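These notes are about the structure you will find just below.
Just so it is clear, the structure is predicted and the values come from calculations on it, not from any experiment.
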Amino acid sequence: MNSDKQENTNTPKQQGHFLYQWIAADVAAGKNGGNVVTRFPPEPNGYLHIGHAKAICLDFGMAEEFNGRCHLRMDDTNPLKESDEYADNIKYDIKWLGFDWGEYFYSAADMFDQMYQIAENLIISGQAYVCSLSQEEWKEYRGVPTEPGKESPARNTSPEENLALFRRMKAGEFADGTKCLRAKIDMSSPNIHFRDPVIYRIMHAAHYHTGDKWCIYPMYDFAHPIEDALEGVTHSMCTLEFEVHRPLYDWVIDRMDEMGMLVIRNGNKIRPQQREFSRLSLTYTVMSKRLLLQLVENNKVDGWDDPRMPTICGMRRRGYPPMAIRNFCDSVGITKFISTTDFSLLEETVRAELNRTAERRLAVFNPVKLIIDNYPEDQEEFFDAVNNPEDESAGTRKIPFSRELYVEADDYMKDPPRKFFRLAIGKEVRLRYACLFTCTHVIEDDNGNVTEIHGVMDMDSRGGTAPDGRTVRGTIHWVSAKHAVEIPVRLYDRLFTVEDPLQDGSSNFMKYLNEDSINEVKALAEPSVAKFKPGEHVQFERSGYFFADPEDSRPDNIPVFNRTTTLRDSWAKNSSKK
RNA sequence: UGCCUCAUGGUGUAACGGUAGCACAAUUGACUCUGGAUCAGUUUGUCUAGGUUCAAAUCCUAGUGAGGCAACCA
């Protein structure tokens, strides 16, 4: 028993990314009593995007891995930007991804009283003071990194004087920006964040959560470590740009420790620690809330949940399954290296998931009539089709068949290249699930466009199997002309035309918008497609994965189908190369 | 420039002093009632220069390149 324990403490599992190892080492060493508490701390000032999903998977994932818990906390210390609408949608998105914070929901605003108390304590112990310098003046006093700054004239005023001033700030006696509370640290530190950082500012603004109770609000650098400490968070993970803030984070934790305000859990004093990892970047999109907001406000997209947006809600409407997003987040890994992930990796993860789960249907997007001349005019019959070849339990369905069908115009070629295995005069193809068909002739209009494809079926090939076992290379999809239903579809493509829309700065990114990123068309589908419910996925064979849009559907209850992603198409890839 | 950080195929990541591996992308073939899926194969890499060591992607030194910080935003 004893030796077992020793082995555990000395050999943390040497696998997983660096943050995993960091936590594993703490657990093995018995730090915080071996408990792990993480947190995901969004500011409710925008919608969550795929970059946040990476952080969510990390924060909740590490908690689960070490049998701990992950808090959800609204980091709402700036009333000017935050709202309930954002907070509600953030919660919805996290749940949709499949994570649960249980009873551990927090709001920074709920800790304003304690933050205020800590600020007063700092003033009393001479570690904070009220400064009246204007922002311009302060900029000059703070100085540049290469040389020490200058002390604020208020730096050495007495605690009594500062306390009185701070209380008057709280009482609303001063206008915005005329005064602020600064931590008294080190004006000559090479780390700018140590040069007496502002920890409270005056903002006469109603907070979506606390209303008019406050007119002073804490700054991030002060609030965040307090939030972590008060909640008893053990491991606080954030993105790389906060690396230089870490000494200040630790400074605040030290002060709380001196004040005896750190949480004691099971006899262990919980001292939160911060570590940083690289944020996610994706090709062909932008990931900053600010820029996404610009797209929304300039009507370049249809809102935060436009299926072209890299937001969680946009991807949901596009038809990306939550598991695909989680698998993607796992596969990009956690490092400190600033990298850009190929969008195709995300798409491939989505295809992998949908290939397993989505039912197949036949739909024709660019129809041309195909007539089976040896099939009786008034006859119709039904053929069995497999719903999902990757999942036998999905069963089969019947597809109606008749003399006149629609097929893709692209599936016919007048002068086909040698490796074209589709319709051409004299060639035999398989009509998926139905029969073998040989094209005999076509009818063209005055412009040379094919209006009808004619041919004959092998009457012994019903169901699509060759009676003599001959191989037929090409199989094409079709719908029966008199049975087909018309469905609205939205074909989406990437939002930007270049891998890095910010290649010449964030002010010019809109010029790289892809004008062709949405294409609304009609398609003809087999009748069963009309029965799809909003929120269901489908693969239209040989075309792509589609998602019945939960927001829009027609009066006849046929949904609008958003194209989630195309199928891989090695024929198109090869032929476009030539 | 001051402080902090990072550097492995086209892209992203693994290797924790001992055979540079995996995924995506690219490419060849097999198979196939989706030119999908599946299976098999191929191509491409340790930023540079020194040092320590029997042995370095890994440790040390210097250089180079990239990023972050200098809001009363988070």
Side-chain angles (χ1 to χ4, degrees), chain A residues 14-15 17-18 21 41-43 45 75-78 80-82 131 133-135 138-139 142-147 149 176-182 189-195 197-203 216-217 219-221 223-224 238-247 276 278 283 289-290 331-349 351-352 355-356 360 362 385-386 389-390 419-422 429-434 436 463-466 471-477 499 539-544 566-575:
Chain A
Q14 291 231 323
Q15 61 176 32
H17 51 73
F18 76 106
Q21 292 184 22
E43 185 189 13
N45 69 343
D75 204 3
D76 45 11
T77 57
N78 185 349
L80 263 21
K81 297 181 172 180
E82 297 149 4
C131 175
L133 252 25
S134 71
Q135 287 183 52
W138 175 252
K139 204 171 167 182
R142 183 191 52 220
V144 290
T146 44
E147 47 196 83
D176 289 4
T178 56
K179 291 198 175 353
C180 65
L181 185 69
R182 293 185 183 287
S189 170
N191 185 339
I192 293 283
H193 296 98
F194 264 17
R195 321 254 261 227
V198 174
I199 57 178
Y200 259 97
R201 80 285 216 188
I202 302 173
M203 291 176 108
I216 57 172
Y217 293 93
M219 298 288 292
Y220 169 87
D221 279 322
H224 205 86
C238 60
T239 44
L240 245 30
E241 69 269 26
F242 294 103
E243 213 160 16
V244 271
H245 296 241
R246 191 154 102 201
E276 313 80 16
S278 177
T283 54
K289 277 195 235 177
R290 200 183 98 246
S331 66
V332 295
I334 302 290
T335 66
K336 301 185 77 156
F337 179 56
I338 297 163
S339 60
T340 305
T341 300
D342 278 344
F343 198 83
S344 60
L345 179 62
L346 213 205
E347 288 198 305
E348 204 36 50
T349 319
R351 286 192 192 104
N355 178 50
R356 281 180 39 238
R360 273 61 164 173
L362 304 186
V386 173
E390 308 292 323
K419 288 202 162 185
F420 184 79
F421 304 127
R422 307 180 191 179
V429 297
R430 174 179 293 104
L431 298 176
R432 178 84 159 149
Y433 295 125
L436 302 181
T465 38
T471 51
V472 176
R473 276 302 293 267
T475 298
I476 64 171
H477 60 278
E499 284 199 0
Q539 182 200 96
F540 291 136
E541 293 203 16
R542 302 211 303 138
S543 176
T566 58
L567 248 34
R568 275 161 82 180
D569 186 348
S570 46
W571 164 253
K573 204 158 55 183
N574 281 331
S575 48

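Using a 4.0 Å heavy-atom distance criterion, A:Glu43 is classed as a sugar-phosphate-only contact. Base contact: A:Phe242 has a heavy atom under 4.0 Å from a base atom. No engagement by A:Ser278 is indicated, since no non-hydrogen atom pair under 4.0 Å with the nucleic acid exists.
Not a single donor-acceptor pair, N or O on each side, falls under 3.5 Å between the base of B:G68 and the side chain of A:Glu276. Side-chain atoms of A:Gln539 and base atoms of B:U34 include a donor and an acceptor less than 3.5 Å apart. With hydrogens and angles left out, the side chain of A:Gln21 and the base of B:C16 share a donor-acceptor pair within 3.5 Å.
With centres under 5.5 Å and a plane angle under 30°, the ring of A:Trp571 is stacked against the base of B:G35.
If you check B:A71, B:G12, B:A14 against the side chain of A:Val332, the one that comes closest is B:G12. For A:Asp342, taking side-chain heavy atoms from C-beta onward, the closest of the listed nucleotides B:C24, B:A26, B:G35 is B:C24. Distances were taken from every side-chain heavy atom of A:Asn78 (C-beta onward) to each of B:U27, B:A37, B:C73; the shortest belongs to B:C73.
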Can you build the contact string for nucleotides 40-45 of chain B? Use B for base contact, S for sugar-phosphate-only contact, and - for no protein heavy atom under 4.0 Å. ------
Protein-nucleic acid N or O pairs under 3.5 Å, nucleotides 6-9 of chain B:
none

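Close to B:A74, at under 4.0 Å from its OP1 or OP2, lies a side-chain N or O of A:Arg201. The side chain of A:Ser339 contributes an N or O atom lying less than 4.0 Å from OP1 or OP2 of B:U13.
A syn base is found at B:A71: its glycosidic angle is within 90° of 0.
With hydrogens and angles disregarded, no donor-acceptor distance shorter than 3.5 Å links the side chain of A:Arg142 to the backbone of A:Gly149.
Scored by the side-chain hydrogen bond (donor to acceptor under 3.5 Å, both in side chains) test, A:Lys289 finds A:Asn45 as partners (sequence neighbours excluded). Contacts of A:Pro145 classified as side chain to side chain contact (heavy atoms under 4.5 Å, CB included), with partners at least two apart in sequence or in another chain: A:Ile192.
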May I have the list of side-chain donor-acceptor pairs in residues 336-344 of chain A shorter than 3.5 Å, sequence neighbours left out?
from	atom 1	to	atom 2	distance (Å)
A:Lys336	NZ	A:Glu243	OE2	2.6

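As rounded to the nearest Å, B:A25 and B:U38 have P atoms that lie 10 Å from one another. Between B:C16 and B:G12, the two P atoms lie 22 Å apart (nearest whole Å). Across B:G41 and B:C24, the matching P atoms stand 14 Å from one another, rounded to whole Å. Going from the C1' atom of B:C60 to that of B:G17 covers 14 Å, rounded to whole Å.
For RNA chain B, each stem of at least three Watson-Crick or G-U pairs (distances under 3.5 Å) is given as range with range: B:2-7 with B:64-69, B:10-13 with B:21-24, B:26-30 with B:38-42, B:47-51 with B:59-63.
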